[in-house]
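What follows is a set of notes on a single structure, which appears directly below.
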Amino acid sequence: MALLLVAGCGGGADPSPRPLDSSPVESAPAPGTAPDTPGRPTGTGGTDGRTEVERDIDAAVAITDTYWRTHWSELFTGGYRPPRVLGPYDGAYADTPVCGGEPLPDDNAVYCSDGDYLAWDRDLMRWGHARGDAWVYLVIAHEWGHAVQSRLDAGLVELARELQADCLAGAVLFGAARDGTLTFEEGDTEELADALTALADRTPWTDVSDHGDAAQRLSSFSRGARSGVTSCLPGVVR
Ligand SMILES: [Zn+2]
């Protein structure tokens with residue numbers, strides 16, 4: 001996946017799906033299980049000294065913000081206010097940022113409504129990016145979806161908040177592709193499906209905190225991808 005006018009993903013990503021992790025929380029990898037990424041420039045990937053992961057994250061933030069900024073007034077009343085992007089943290093250390101009095105979770109990504117910010121564990125992004133660069137786009141667009149939910153009237157927020165965030169992520173990424181701000185490269189859609197599957201619950205959705213199983217996550221994401229933001233809102237005929 002590439003932000004238009006930004007160099008492509010370098011072809012280093014492994015696009016082939018791997019065995020499912022099926023971790024029950026939003027983060028898939030257990031500490032210490034993150035695979036190494038031999039042959040990939042993990043330290044100094046770019047001419048600007050930033051890694052490929054960091055550049056993809058920046059691109060994901062830019063295209064997601066641009067999508068909502070461009071389309072907000074077509075969809076909702078009031079002006080668009082982007083969340084703050086706190087960026088990476090390392091949940092394994094004591095100086096992890098705090099949300100609602102609790103340190104941010106290790107190997108996870110969050111939207112913290114308390115501080116209205118997005119943040120993600122560096123290891124989660126590295127681990128996922130090694131599976132395919134589309135991972136970081138999904139995570140950013142999903143968490144941004146939670147920020148959008150926090151701005152909507154309660155009646156527009158689905159009880160299945162996580163599945164709605166997936167739907168919004170699909171709407172943003174495919175909407176950005178239609179807008180021409182994001183180009184899909186070969187393997188990206190498979191990588192998105194792989195990421196949704198790896199981050200899914202083992203069991204179907206039953207409770208507000210659930211993410212839903214792989215089929216539900218794929219279905220929600222696909223609905224947004226196909227039919228846009230309004231298809232993610234309650235009361236819309238699907
Ligand atoms: Zn979520």
Side-chain angles (χ1 to χ4, degrees), residues 20-30 57 60-61 63-65 67-68 82-89 91 96-100 102-125 127-129 131 134-152 154 156-174 191-225 229 231-234:
L20 307 185
D21 187 281
S22 303
S23 201
V25 290
E26 190 150 359
S27 65
I57 288 171
V61 166
I63 73 106
T64 304
D65 185 41
Y67 182 85
W68 285 115
R84 280 194 303 134
V85 177
L86 197 69
Y89 64 88
T96 302
V98 169
C99 175
E102 296 286 325
L104 298 183
D106 197 14
D107 294 325
N108 213 327
V110 298
Y111 165 68
C112 176
S113 57
D114 244 23
D116 189 34
Y117 67 78
L118 269 69
W120 48 83
D121 187 300
R122 212 176 259 111
D123 289 338
L124 171 74
M125 291 305 214
W127 183 86
H129 193 273
R131 298 171 74 107
W135 179 283
V136 303
Y137 289 82
L138 174 69
V139 169
I140 299 284
H142 172 101
E143 297 303 337
W144 211 288
H146 287 313
V148 168
Q149 287 171 328
S150 78
R151 286 153 169 71
L152 299 181
L156 293 176
V157 179
E158 290 275 11
L159 211 52
R161 298 176 68 89
E162 297 300 336
L163 291 171
Q164 187 177 36
D166 286 337
C167 185
L168 294 172
V172 164
L173 296 181
F174 281 73
E191 288 173 19
L192 288 166
D194 170 64
L196 284 160
T197 304
L199 293 167
D201 295 340
R202 285 191 184 86
T203 52
W205 187 92
T206 55
D207 180 82
V208 287
S209 63
D210 289 355
H211 285 84
D213 64 23
Q216 290 174 319
R217 296 202 72 168
L218 286 165
S219 161
S220 294
F221 181 88
S222 300
R223 186 174 71 245
V229 170
S231 75
C232 305
L233 305 176

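Since this is a predicted model, take the numbers as computed values, not measurements. Just so you know, ligand 1 is whichever comes first in the structure, and atom 1 is the first atom listed for that ligand.
When rounded to 10 degrees, the angle formed at the Zn ion (ligand 1) by NE2 (His142) and NE2 (His146) equals 100°.
By the 4.0 Å N-to-carboxylate-O rule, Arg202 lies too far from Asp213 to be salt-bridged with it. The pair Arg151-Asp116 meets the salt-bridge criterion, since a charged nitrogen lies less than 4.0 angstrom from a carboxylate oxygen.
Of the residues Leu168, Val172, Val61, the one that meets the side-chain contact (heavy atoms from CB on, under 4.5 Å) test with Trp144 is Val61.
For the Zn ion (ligand 1), the N/O/S atoms of Glu143 include none lying under 2.8 Å.
Here the side chain of Arg223 pairs a donor or acceptor atom with the backbone of Ser231 at under 3.5 angstrom.
Here the N, O or S atom of Glu162 that is nearest to the Zn ion (ligand 1) is OE1.
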